[in-house]
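Have a look at the structure below, then the notes.
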Amino acid sequence: MSYNNVLFESHNGITTITINRPKKLNALNKETINELHDAFDTADRDKNTKVIIVTGSGEKAFVAGADISEFANFSVEEGKKLAANGQKILFDFVENLSTPVIAAVNGFALGGGLELAMACHFRIASDNAKLGLPEVSLGVIPGYGGTQRLPQLIGKGRAMEMIMTAGMIDANKALNYGLVNHVTSLEELLPLCEKIALKILNNSSVAIGAAVHAINANFKDGVNGFEVEVNEFGKCFGTEDFTEGTTAFLEKRKADFPGN
Ligand code: COA
């Protein structure tokens, strides 16, 4: 698939997906959401991609939200469908990928932009980043998982305040809230993400996928995360990566994981 709004670049085991609508501050229209689904799916299926980084084009925005011009005239049913489809093909999809996904938040991450960053496995921000869920200022609520993931990440009271005030927090406050793991300069943002990605690359991608599945189970209704952990732990014993990892340790050498 060729993309109009997404750039896709892979090297050394890292695929970088860049949302590329800088004139609209990378707002997520329908086409971009579809393209992002395809880009994440392609990267996840690519055996050579061990880490995915997602970022925004330009120096101003990661993503300034869902594209308001597309849904301003929607009916109740269309609104429901917009949220359900977006959650399914992008936000839940990204959260449940077994390939690690890092959000490189390079500016405004508002509404659907913060929701996309929160669906990623973790977030790193540049010091110019501004994060918020301003939907109630438009007469709507976050619809791409924001009401669920924000309290998971920063706690209920802080999430209530952020959503009710529709305000933005800066990168350092986001760090203090645990919403992002690191803050750095804009120039150092992608290099830092790549540095962390390289640490991930040394490890078993199969085990990492199992860990993502087990960690996510903690946040799924009606699922016993401890049971999922037991099953995933057991399954690791049947993998070539486990054989290689334990053998390499005992032979006092660096593991060279086959990824199976
Ligand atoms: N949907 C559609 N277009 C958007 C957008 C969005 N979420 N966010 C920004 N844009 C567009 C603007 O309409 C503008 O387009 P134009 O040049 O054709 O008029 C362009 O991107 C640049 O934005 P602008 O508002 O001029 O930049 P700014 O620096 O003055 O303000 C923001 C930046 C992020 C504060 C402001 O764009 C904003 O509030 N955006 C909406 C954020 C939001 O509510 N998101 C949640 C949506 S549910």
Side-chain angles (χ1 to χ4, degrees), residues 1-9 16-42 52-95 101 103-120 123 125-126 128-150 159 162-171 174 179 186 189:
M1 181 173 177
S2 65
Y3 304 129
N4 292 322
N5 307 314
V6 166
L7 306 174
F8 188 97
E9 197 222 326
T16 303
I17 296 173
T18 305
I19 301 149
N20 188 31
R21 289 184 83 207
K23 286 190 183 140
K24 295 290 177 189
L25 303 186
N26 304 321
L28 297 177
N29 60 0
K30 193 174 172 201
E31 184 181 48
T32 307
I33 288 183
N34 287 333
E35 290 182 4
L36 281 170
H37 170 81
D38 188 85
F40 278 108
D41 191 35
T42 304
I52 301 168
I53 297 171
V54 58
T55 193
S57 193
E59 301 195 339
K60 200 168 162 186
F62 173 70
V63 170
D67 192 319
I68 299 166
S69 66
E70 269 192 355
F71 63 72
N73 298 318
F74 272 15
S75 66
V76 170
E77 275 317 307
E78 286 171 316
K80 260 189 175 173
K81 221 169 129 191
L82 178 77
N85 185 54
Q87 290 194 16
K88 182 170 165 222
I89 70 167
L90 184 57
F91 299 84
D92 291 354
F93 186 75
V94 166
E95 181 173 67
V101 186
V105 180
N106 60 312
F108 289 114
L110 302 175
L114 178 54
E115 289 172 303
L116 177 61
M118 291 193 294
C120 296
R123 292 142 291 282
S126 53
N128 63 326
K130 291 262 193 306
L131 304 90
L133 292 178
E135 284 86 348
V136 299
S137 71
L138 299 165
V140 68
I141 67 167
Y144 288 146
T147 64
Q148 306 304 298
R149 291 192 182 97
L150 190 61
M162 275 184 70
I163 290 172
M164 287 175 181
T165 60
M168 296 182 209
I169 59 170
D170 66 19
L179 187 52
L186 189 54
L189 180 61

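Computed from a predicted model, the values in this text were never measured in an experiment.
- Nearest heavy-atom pair, K88 versus F93, reported as atom, atom and distance to 0.1 Å: O-CB, 3.5 Å.
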Could you please spell out the steps behind the side-chain contact (heavy atoms from CB on, under 4.5 Å) verdict for V101 and F40? CA-CA 9 Å; V101 186; F40 278 108; 3.7 Å; yes
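- Atom CD1 of I33 is separated from atom CG of L28 by 5.0 Å, given to the nearest 0.5 angstrom.
- Among all heavy-atom pairs drawn from L179 and R123, the shortest one is O-NE, 2.7 Å.
- Heavy atoms only, all atoms of each residue included: F62 and A103 are closest at CZ-CB, 4.3 Å.
- Of the possible donor and acceptor atoms, none in the side chain of E135 sits under 3.5 Å from a partner among the backbone N and O of V140.
- Expressed to the nearest 0.5 Å, how far OG1 of T147 lies from CD of E115 amounts to 8.0 Å.
- With sequence neighbours left out, S126 forms a side-chain hydrogen bond (donor to acceptor under 3.5 Å, both in side chains) with N128.
- In this structure, M168 and F108 have side chains that are in contact, with non-hydrogen atoms separated by less than 4.5 Å.
- A166 and V136 get closest at one heavy-atom pair: CB-CG2, 4.0 Å.
- The heavy-atom pair separating G56 from T18 by the smallest distance is C-CG2, 3.8 Å.
- For E59, the CD atom is loosely surrounded, since the number of other residues' heavy atoms within 6.0 Å does not exceed 12.
- Taken to the nearest 0.5 Å, the CG atom of L133 stands 4.5 Å off from the CG atom of L114.
- For the atom pair N29 CG and K24 NZ, the distance stands at 10.0 Å (nearest 0.5 Å).
- Expressed to the nearest 0.5 Å, how far CG of L90 lies from CD of E95 amounts to 11.5 Å.
- Scanning both residues, N26 and A61, for their nearest heavy atoms gives ND2-O, 3.0 Å.
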Acceptor/donor pairs from residues 1-8 side chains to any protein atom, 3.5 angstrom cut, sequence neighbours excluded:
unit_1	atom_1	unit_2	atom_2	d
Y3	OH	D38	OD2	2.6
Y3	OH	A39	N	3.3
N4	ND2	E31	OE2	2.8
N5	ND2	E31	OE1	2.9
N5	ND2	T32	OG1	3.1

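- For Q87, the CD atom counts as densely surrounded, since its 6.0 Å shell holds more than 12 non-hydrogen atoms of other residues, nucleotides or ligands.
- You'll find the side chain of L116 reaches within 4.5 Å of the side chain of I19, heavy atoms only.
- Taking CD1 of I53 as the reference point, atom CD1 of I17 lies at 10.0 Å (rounded to 0.5 Å).
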